Amino acid sequence: MSLRGARPQPLFAVVTDDQADGLAQAVGSLSLAAVRGGSGVRPVLVAPATLVDRDPAVAALPVACVKFRWRGARAIFDGLDDALA
């Protein structure tokens, strides 16, 4: 999903569970979109904190990463402001 507005345009891939195959698919989609969109696209991965924290390779990815965790019925996002800056 993406947002309209100033460039570079954020392009989000959201992983909703803690399965590694979903992470790989999201990273692949973001990588392909970043190459196609060039400097006009800012890839942002949104994934569960449990998944991101157990895989140190995520920190080395060339995409911004937003982690989330659940507090009751609310999702708490860590890194969203930095990813959109």
Side-chain angles (χ1 to χ4, degrees):
M1 89 177 93
S2 63
L3 300 174
R4 293 180 189 219
R7 295 279 186 203
Q9 182 179 15
L11 179 69
F12 296 90
V14 180
V15 179
T16 59
D17 58 31
D18 64 353
Q19 301 300 311
D21 58 337
L23 176 64
Q25 183 176 5
V27 169
S29 294
L30 284 174
S31 298
L32 186 58
V35 170
R36 287 180 176 158
S39 63
V41 172
R42 178 171 174 81
V44 180
L45 173 66
V46 180
T50 53
L51 180 62
V52 173
D53 291 343
R54 81 169 176 240
D55 190 347
V58 173
L61 293 172
V63 301
C65 184
V66 176
K67 301 189 289 186
F68 71 89
R69 59 187 165 77
W70 291 100
R71 182 181 294 155
R74 291 185 177 196
I76 307 299
F77 295 92
D78 181 26
L80 184 58
D81 289 338
D82 292 335
L84 297 177

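Since this is a predicted model, take the numbers as computed values, not measurements. Side chains included, hydrogens not; waters and symmetry mates left out as well; all remaining heavy atoms used.
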Give me each pair satisfying salt bridge (charged side-chain N to carboxylate O under 4.0 Å, His left out) with a member in residues 38-47, each pair once, sequence neighbours excluded.
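Every candidate salt bridge (charged side-chain N to carboxylate O under 4.0 Å, His left out) pair involving residues 38-47 fails, so no pair, neighbours aside, qualifies.
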Can you list every salt bridge (charged side-chain N to carboxylate O under 4.0 Å, His left out) pair that touches residues 46-56, not counting sequence neighbours?
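Listed once each, the pairs are D18-R54, D53-K67.
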Can you tell me how far [atom2] of [Y] sits from [atom1] of [X], rounded to the nearest 0.5 angstrom?
X   : Y   : atom1 : atom2 : value
D17 : T50 : CG    : OG1   : 9.0 Å
I76 : R71 : CD1   : CZ    : 4.5 Å
L80 : F12 : CG    : CZ    : 6.0 Å

Kindly indicate whether the side chain of [X], heavy atoms from C-beta on, has any atom under 4.5 Å from the side chain of [Y].
X   : Y   : result
V66 : V44 : yes
V46 : F77 : yes
V58 : L23 : yes
V15 : L51 : yes
C65 : V52 : yes

Hey, can you pull the donor-acceptor pairs under 3.5 Å for the side chains in residues 24-37, sequence neighbours left out?
{"from": "S29", "atom 1": "OG", "to": "Q25", "atom 2": "O", "distance (Å)": "3.1"}
{"from": "S31", "atom 1": "OG", "to": "V27", "atom 2": "O", "distance (Å)": "2.9"}

Quick one: which residue pairs count as a side-chain hydrogen bond (donor to acceptor under 3.5 Å, both in side chains) with a foot in residues 75-85, not counting sequence neighbours?
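Those involving residues 75-85 do not exist here.
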